[in-house]
Structures are given as structure tokens and as C-alpha cells.
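The figures that follow rest on heavy atoms only: side chains count, while hydrogens, waters and symmetry mates do not. Just so you know, ligand 1 is whichever comes first in the structure, and atom 1 is the first atom listed for that ligand.
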Amino acid sequence: MAGIVPSRRVRGTPFTEGVQAAGAKAYTVYNHMLLASYFESYEADYRHLKEHVQVWDVAVERQISIKGLDALRLMRQMSPRDMDKMAADQCYYVPICDHNGGMLNDPVAIKVAQDHYWLSLADGDLLQWALGLAVGQGLEVDIEEPDVSPLAVQGPKADDLMARLFGDIVREIKFFRYKRLPFMDTEFIVARSGWSKQGGFEIYVDGSDYGMPLFNRLMELGESLNVRVGCPNLIERIEGGLLSYGSDMRQDNTPIEAGLARFCNSPSEYIGKTVIEAQKKNGPDRMIKAVAIDGAGDLPHNATGWPVYKGDQKVGLIASAAWSPDFKTNVAIGMIDKSAFAAGTRLEVVTQNGTRGATVQEKFWI
Ligand code: THG
């Protein structure tokens, strides 16, 4: 494929200079911004991520800031998760839905203060939904996209690298909790989170000018830990069942279908609740499943989603698939109809390079 031309619409990030210099070989566009897809290769990046530590430019995880007297009220309306249980230093993975329970996004919510939340977005223009709800109801909140760009530090040596920069206090940060830690003349929210199952942190870099100084400092301090610039890895995230909004699930899926029922526990009258509660009770008609696809690791690129059949019946779609060097199979994420989603069910996956057998798995690999 040809290259991508950055512009005001297809934005670079505060770290793009570092990502370019590190030799990103391909980019995708996410929230109108550049996101690297791989550096050496998907497999080489994967191996390194699982053994060492990587610094990821995930500035594409844009924040919506919701601040003011009615911030909690708006969050209660938008979130199927019980926002009243959220601790002052907590982050919540929250599916956000329309009135039919259709997913609009699956951000990480960060409680910045009692009257201030950030929603760290997946790919989609959720700011317009939040603004519409606020303006339409005359809520007392300010809603904006602040100049905040997450930088992730992921991998088994993430604690060691982060401790070199911020001190041993980072080791005390619990999963999906944060601390405010100093850098230069400012401080950042540093959370134990990130889009891999290898462990690590996300630094919410508040102020673009701090981007490259922080990036360079991490690369310097991590040299003896074999740090590399990386990015969310297709293979590792499929093994871990980390869903990609827009690919694995969309507005025509509910969070129950997406396997996110455990995040739908709010007692408030949030938007989409009727449909979501009914599906929790009766079970969804289709669901996200781990699927192992037969054959060698020579699947073509999956740009459109591959239809899945059981006999001559179309029973679903696979939007994410990759060869897993560790599990020695093609790992995939499918949205599969109830008639075919029991573990062990044999399926046929139609790729642009031919049809492959596949098996529904009990659970994801990691
Ligand atoms: N971090 C931040 N923002 C993000 C992402 C992130 N925005 C975009 C995208 N990722 C949103 N999607 C997800 C999907 C999964 C998770 C986080 C964000 C995730 N899930 C854990 C899991 O499934 O194992 C568990 C979450 C939990 O138990 O609360 O981490 O990565 N800032």
C-alpha cells in the first residue's frame, strides 16, 4: 500500500518524531491520528514485548474531559458501570452505548477529581455524543478534548523501567489505579493499565511539549533493559482477547454480545439499560468468541472481516486473526451466533485466499 499523508485531519502526536525515528513500518489512523501498526514485524515486535519492555505512542487514545457540577450525573447516564463505586484514584473500562444498547465506544474512564472525569477513547467521535447529551439537557459540564496524550510502557520489565524514572513508588500502583507523579516541572497521572496482557503503565502526558522529553528519557533509562519503541501488537492482543472497537464489535453490538457483561452493573437508569438488562437475563443471540483457525500461519490480511459458516449457514464474522508463535495456531476473535458459539463447535472461515476450518475455543489464550 502507499503511504499516509499527515495533515490537520490526520494528526501526528507529540511522540510522532520518536516513532518515525524508531522505524515504524506502517501506520493506521485512529481518532484522526497516526498509530503505528508494527516496527520490525508483528512477530518480532511480539517476541520483544513478551520478554522486555516497550514504549508505545498511544496518544490516539484521546481524552474527553467532562468537568463540572453535573459530571457524575452525565457519567451515570453514559456508563453501564456503577460510577458511584469508583474510587478517587481509579480507572474503569466502560462500554458506552446508545438507547438500543449498541456500543458507541469502549473507553477507559479516569476519575481525575470528584467533579472531573476523562474518557480515554477507542476509535470514534464520542465527544459529540457527550456534548449532545450535555447541551440537550442543559447540564452544567464543560466537555472538551484536552491536550493529553497517553504514552504506554508495556512488558515484563515495565515496572523496572518506570521505577528508574519515577522511583519505586510506581511498583505500588495497583491494576487500574493511578498516582500523580512528577516529571520536570509538572506531574502526570500514571496508571497501571494498557492494551496488552504483559503488564505495564500508561502515562497521561498533559501538555504536548513534554512528549519528546519524556519519550527520550524513557528510551535512555531503558537502554540496559533492552527497551524498544513499540505499539499495540495484533498477535498479543488477540491472544489476550483485548477487543478493538470498530473491528471486533460496533454500534450493532451490545456489550453483552461483546462479552463485557461484567462491566454492566449500574443501578442507575443509564442509556441502553433496558436492552442490556434483558440480554443479561436471556442471553445474547451472538457473542464474541476466541476462535482457532486451522492451517499454517499464512493467512492473508483481514481488511473486511471474514464470514464464518457452520455447514451452509452463515453464523458470524471474524475481524481479527493472526498466527500465534507461542500457541502455534491462528488465533482469532469472532462474533458468533448462538447456534454455533459453544466451545468445540467446528466452523469454516472464508478468507479471500480460500476456506479454512476453525474451532470455537472455551476462552482466550492469555
Ligand atoms: N488504555 C487507555 N485508553 C484506551 C485503551 C487502553 N482507549 C482505547 C482502548 N484501549 C479501549 N479499549 C480497551 C479494551 C480493553 C481494556 C482497556 C481498554 C483492558 N481490558 C482488561 C482485560 O480485558 O483484561 C481488563 C479491564 C478491567 O478489568 O477493568 O485493559 O488500553 N487509557
Notebook entry, point to check: Hey, mind stepping through Glu61 and Tyr204 against side chain to side chain contact (heavy atoms under 4.5 Å, CB included) and telling me if it holds?
Noted result: CA-CA 10 Å; Glu61 298 170 352; Tyr204 291 85; 5.5 Å; no
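Counting heavy atoms under 4.0 Å from ligand 1, residue Asp106 touches it through both backbone and side chain. Of all the heavy atoms of Ile110, none lies under 4.0 Å from any atom of ligand 1, so neither backbone nor side chain is involved. Counting heavy atoms closer than 4.0 Å to ligand 1, residue Phe176 contributes side-chain atoms (C-beta onward) but none from N, CA, C or O.
Residue-ligand proximity, Ala122 to ligand 1, at heavy-atom distances under 4.0 Å covers atoms 7 (N), 8 (C). Applying the 4.0 Å criterion to heavy atoms of Glu202 picks out, from ligand 1, the atoms 1 (N), 2 (C), 6 (C), 31 (O), 32 (N). Near Leu242, the atoms of ligand 1 lying under 4.0 angstrom from a non-hydrogen atom of the residue are 15 (C), 19 (C), 20 (N), 22 (C), 23 (O). Residue-ligand proximity, Lys197 to ligand 1, at heavy-atom distances under 4.0 Å covers atoms 22 (C), 23 (O), 24 (O). Atoms of ligand 1 lying under 4.0 Å from at least one heavy atom of Leu121, given by number and element, are 7 (N), 8 (C). Close contacts between ligand 1 and Val108 involve ligand atoms 1 (N), 2 (C), 3 (N), 17 (C), 18 (C) [criterion: under 4.0 Å to a heavy atom].
Aromatic rings from Phe188 and Tyr210 are positioned such that their centres are separated by under 6.0 Å.
Arg346 and Thr359 share a donor-acceptor pair across their side chains, judged by distance under 3.5 Å alone. Judged by distance alone, the side chains of Tyr27 and Gln20 do bring a donor and an acceptor atom under 3.5 Å apart. Side-chain polar atoms of Arg62 and Ser149 form a donor-acceptor pair below 3.5 angstrom.
What sits closest to atom 2 (C) of ligand 1 on the protein, heavy atoms only, is Glu61 OE1, 3.1 Å.
Below 3.5 Å of separation, one finds an N or O of Ser120 facing an N or O of ligand 1. When only interatomic distances are considered, the shortest N/O to N/O separation between Leu243 and ligand 1 does not fall below 3.5 Å.
Of the listed options Phe175, Tyr92, Trp56, Tyr204, Phe175 places a heavy atom closest to atom 28 (O) of ligand 1. The option with the heavy atom closest to atom 31 (O) of ligand 1, from among Trp195, Tyr30, Phe263, is Trp195.
In this structure Phe39 satisfies the ring pair (Phe, Tyr, Trp, His ring centres under 6.0 Å) test with no other residue, sequence neighbours excluded.
Judged by distance alone, the side chain of Gln54 and the main-chain N or O of Asp45 form a donor-acceptor pair under 3.5 Å.
Within the 4.5 Å cutoff, side-chain heavy atoms of Tyr93 are placed close to those of Leu260.
When each of Lys273, Gln137, Glu269 is checked for a side chain to side chain donor-acceptor pair (under 3.5 Å) with Gln77, only Gln137 meets the rule.
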